[in-house]
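The structure under discussion appears below in the form of structure tokens.
In what follows, residues are counted from 1 in the order of the sequence shown.
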Amino acid sequence: MFGVLLLREGVRRERYLAFRRLYVHLFLWFCFWPQAWAKIQVQRISPERYRVLFIYRPAYPFPKKVYLAGDFNHWNKISHPLRYHPRRGYWSISLELRPGKYRYKFVLDGVKWVFDSEVSEREPDGFGGLNSVFRLRAMVDFSPVKRGDGSVAQQGLEHIPPHSSVYVYQDRTEEGDSILRLRARCGDIQEVYVFLSTGKTFPMEVVWKEGGYCFYEAILPISKPFSYLFLLKDGNSFYYGRRGLSRHRGGYFRFSPERIFRTPLWLRGAVFYQIFPERFANGDSSNDPPGTESWGGEPTYFNFFGGDLEGIERNLSYLKDLGVNGLYLNPIFLSPSSHKYDTQDYFRVDPHFGGNGAFRRLVGALKKARMRLILDGVFNHSGSRFFAFEHLKRYQQRSPYRHWYIVHRFPVVEKKNPDYECWWGFGHLPKLNTAYPAVRQYLLRVAKFWLRQGADGWRLDVPNEVSSDFWRAFRKVTKSVKPDAYLFGEIWQDAQPWLRGDQFDGVMNYRWREAVIDFFARQTLTPTQFCDRLMRQRLTHYQASLYAMYNLLGSHDVERIWTVFDGREDRLRLALVFQFTYPGVPAIYYGDEIGMEGGKDPENRRCFPWRREKWKVGLRDFYRKLIRIRRSTLSLQRGDFRRVLVLDEKGVFVFSRTFRGRTVYVVLHRGEGVVPLELEVCLARGRYMDLLSGRSYVVSGGRVKLELASFQGMILRPF
Ligand SMILES: [Ca+2]
Ligand SMILES: [Ca+2]
């Protein structure tokens, strides 16, 4: 009996020791198991540009791929893959960024979003999670400067720097004059001039300040090539040229204004209308896809309503009456979906849209109506039913199309997150290998073909995911077929790299849209801040591209503008006054003009209601009026842009547009109540008419007295 007890005691002790070992293991495992960590390293390239290294070490289970997504790439979850360093066990990516606030997350295997738990700052991501926030502050180690001390700080002087610059230093105006800019330290120099090799001088004025720098600008009435220096007066006279700062003249800069790129002139007079063809109008029910639902039903990602090209053709009179003269159509080529971003055949208009015959008829009708046509070019990826991908799936390694795609591992099987590159992990949207010559030639052939069939240009889908090298070839080829073809890209972030004259004319100006919404709808910007946001885009882009920007308030990818403004029509109308008076091509997303509502896809793709009682007729008439004003006022189409008056406390913002000596003033009052305003104008006497209300105002002593009601806008033209 005792023996049995002893035995039991021994078993208990064994068990106790086993448990203790397990606990110790668990404790150690908990303490030393590799946790995920992240780190950011910053290196200064110039005061505006920094190389930022994002490092991430994941925890178990280890991902196969890590991507970085954030404000800088419009949260694209696969455009910025990190590189794996097997020895160190971490992933990294280096980006060139400007000072500013950046929200970001790491994306594991293209599906799992994780925030960087190491950073001190974070904020809600709007989906119940958190974003990491990184503030990149300018690193400026300035020595003190003084005005009138007989010296000029060489440090900070910049004009055409050797590295790619953020700012545009040489440009030409819409009227062909030359623009020169110089960056210098603020509070250092008394007077700054452009000094020509002929001995002529032009004073420069400060147009922008940032991070302790002043940006000086002069507009010279010169359109032929010339040589120049900068003359800096601060007690002594200094010259700044190619060889740097000197007391003597020499090392002249050269400028050939005619070498600055140009964008199609017809864009200045253009007002665009974007159509999602499946939802605008059903002109031919015999071509409807199987299962087509009745017009006006609630859209899902997958249903059809039968819209087609004949529907557009039949309603051209509506568009002509509205006043638009350019159409941008979402993709129209054969593909299984309603949105048609999954192309099956680039040379065939979808039979559900009426096929190539309907396209020819539409082109004919558009020519008669003097309307331009822009097609949607989806060249980053094809659909999985595209012949080359079909062939690849069938014959695998043996397919001659194996290099048309980027295959990581055979066999190629279509599924979610497959073993080949695709758009956002969607297996049915395989990424085309645009670096491969045969693919390149094929796509360029597509681009030329449709221009020859009557298209006037291309809107390019996700071009930031395709190499710039491809777009350079694309521009050359398309402009050789049609020199005034309009090329604009879907770029959500800073578009400067695409708008230097070698790739696109403009972009879908989503940044501008954000600023407009922040100022007019959310009212989170003061007039000064709004003006600064605009100014920044103006100084970092060539004028040619600013006049070719596709300035949109709505599209198939964002909430309806009526919904964004939450139905506050007075604010929306004021924003529209701004849209139609600002440089760049005003663009309307179908149905925004009648106040269609809806959140993001699929709500923003509802059927256009052709029954007039569903329209907000007043809003539609306001659009018509603005379009007419825009199309009949050359100063609004081609004029320069000048900030005239900004009153933050009154919510007033006035700017002017001048072309060939004719100046139009645009007065915006973003706020409640009545604001009296005395505006200094360029005429000493005469009269101005507000093109919106038809009222006239007399100039007396170079001033006009105005009274602005809540959210009122005025477009003042001399008459
Ligand atoms: Ca000085
Ligand atoms: Ca149809």
Side-chain angles (χ1 to χ4, degrees), residues 64-65 67 69 74-79 81 107 109-112 276-279 289-292 299-305 307 329-353 375-397 399-436 438-439 442-443 446 459-466 470 490 556-557 600-602 604-605:
K64 281 189 200 141
K65 275 185 181 172
Y67 301 89
H74 189 60
W75 297 95
N76 186 325
K77 59 180 185 177
I78 56 158
S79 67
V107 189
D109 292 322
V111 285
K112 191 180 171 197
F276 190 80
E278 224 279 315
R279 307 289 155 74
T292 291
T300 65
Y301 291 120
F302 307 106
N303 58 1
F304 292 89
F305 293 94
L329 305 186
N330 284 101
I332 57 171
F333 307 132
L334 177 65
S335 45
S337 67
S338 62
H339 54 71
K340 312 224 172 288
Y341 282 97
D342 46 350
T343 319
Q344 183 174 341
D345 187 340
Y346 286 94
F347 288 102
R348 220 173 129 198
V349 170
D350 201 300
H352 295 143
F353 285 175
L375 297 180
D376 208 322
V378 190
F379 301 132
N380 170 65
H381 51 266
S382 71
S384 58
R385 294 192 193 171
F386 181 55
F387 81 95
F389 195 73
E390 289 278 10
H391 201 277
L392 178 62
K393 270 190 298 186
R394 186 146 174 215
Y395 296 99
Q396 300 289 333
Q397 285 100 322
S399 170
Y401 300 106
R402 58 175 294 185
H403 298 300
W404 281 47
Y405 296 91
I406 303 151
V407 181
H408 298 307
R409 208 180 359 242
F410 282 95
V412 168
V413 180
E414 190 183 331
K415 57 178 180 181
K416 196 149 173 58
N417 298 315
D419 289 325
Y420 51 83
E421 289 290 317
C422 56
W423 188 75
W424 283 52
F426 293 113
H428 70 292
L429 302 176
K431 185 175 171 65
L432 285 158
N433 181 7
T434 47
Y436 188 61
V439 173
Y442 183 88
L443 295 178
V446 171
R459 174 266 187 191
L460 299 153
D461 191 52
V462 292
N464 54 321
E465 297 181 28
V466 179
F470 176 78
E490 181 206 8
H556 60 293
D557 281 329
K600 287 184 181 170
D601 177 22
N604 54 7
R605 302 174 183 187

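When the shell of 6.0 Å around NZ of K112 is examined, it contains 12 or fewer heavy atoms from other residues, nucleotides or ligands.
Here the CD-CG distance, from E465 to L432, works out to 12.5 Å after rounding to the nearest 0.5 Å. Here the straight-line distance linking atom CZ of R402 with atom CG of L392 works out to 8.5 Å at 0.5 Å rounding. To the nearest 0.5 angstrom, T434 atom OG1 is 7.0 Å from I406 atom CD1. Note that CZ of F347 and CZ of F333 are 9.0 Å apart. Values are rounded to the nearest 0.5 Å. Distance check, rounded to the nearest 0.5 Å: NZ of K415 to SG of C422 gives 10.5 Å. In this structure, CD on E414 lies 5.0 Å from OH on Y420, to the nearest 0.5 angstrom.
For H381 against L429, the heavy-atom pair with the smallest separation is CB-O, 3.6 Å. Contact detail for D376 and P331: the closest heavy-atom pair is OD2-CD, 3.3 Å. Nearest heavy-atom pair across S337 and D342 is OG-OD1, 2.7 Å. P430 approaches S384 most closely through the heavy-atom pair CD-N, 3.9 Å. Between G427 and P418 the shortest heavy-atom distance is CA-CG, 3.9 Å. In terms of heavy-atom proximity, N417 sits nearest to D109 at OD1-O, 4.2 Å.
Looking at R605, its side chain does come within 3.5 Å of a backbone N or O of H556 through a donor-acceptor pair. At distances below 3.5 Å, at least one donor-acceptor pair connects side-chain atoms of Y346 with backbone N or O atoms of V378. No side-chain donor-acceptor contact under 3.5 Å links D345 to the backbone of L334. Of the possible donor and acceptor atoms, none in the side chain of K340 sits under 3.5 Å from a partner among the backbone N and O of P277. Put simply, the side chain of E490 never gets that close to the backbone of P463: no donor and acceptor are under 3.5 Å apart.
In this structure, a donor-acceptor pair under 3.5 Å is present between the side chains of S382 and Y405. Residues K65 and H408 have side chains that bring a donor and an acceptor to within less than 3.5 angstrom of each other. Between the side chains of D601 and Y301, no donor-acceptor pair is found at a separation under 3.5 Å. No donor-acceptor contact under 3.5 angstrom links the side chains of S338 and E278, judged on distance only.
Using cut-offs of 30° and 60° for the angle between ring planes, the Y442 and F386 rings count as perpendicular.
At a threshold of 4.5 Å between non-hydrogen side-chain atoms, the residues P336 and Q344 count as touching. Looking at heavy atoms from C-beta onward, Y341 lies out of side-chain contact with F426 at the 4.5 angstrom threshold. When side chains are defined from C-beta on, V466 does not count as touching F379, because their heavy atoms never get closer than 4.5 Å. Residues W424 and N76 have side chains in contact (heavy-atom distance under 4.5 Å, counting atoms from C-beta outward).
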- Assess whether side chain to side chain contact (heavy atoms under 4.5 Å, CB included) is satisfied between H391 and F387, documenting all intermediate values. CA-CA 6 Å; H391 201 277; F387 81 95; 5.7 Å; no

- Task: Would you please test Y395 and Y401 for ring-ring contact (aromatic ring centres under 6.0 Å, His included) and show each step?
- Result: CA-CA 9 Å; Y395 296 99; Y401 300 106; 9.8 Å; no

- Query: Can you check side chain to side chain contact (heavy atoms under 4.5 Å, CB included) on F389 and V412, steps first, answer last?
  - Reply: CA-CA 9 Å; F389 195 73; V412 168; 3.8 Å; yes

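The existence of a salt bridge linking R459 and D461 is confirmed by a sub-4.0 Å separation between a basic side-chain nitrogen and an acidic carboxylate oxygen.
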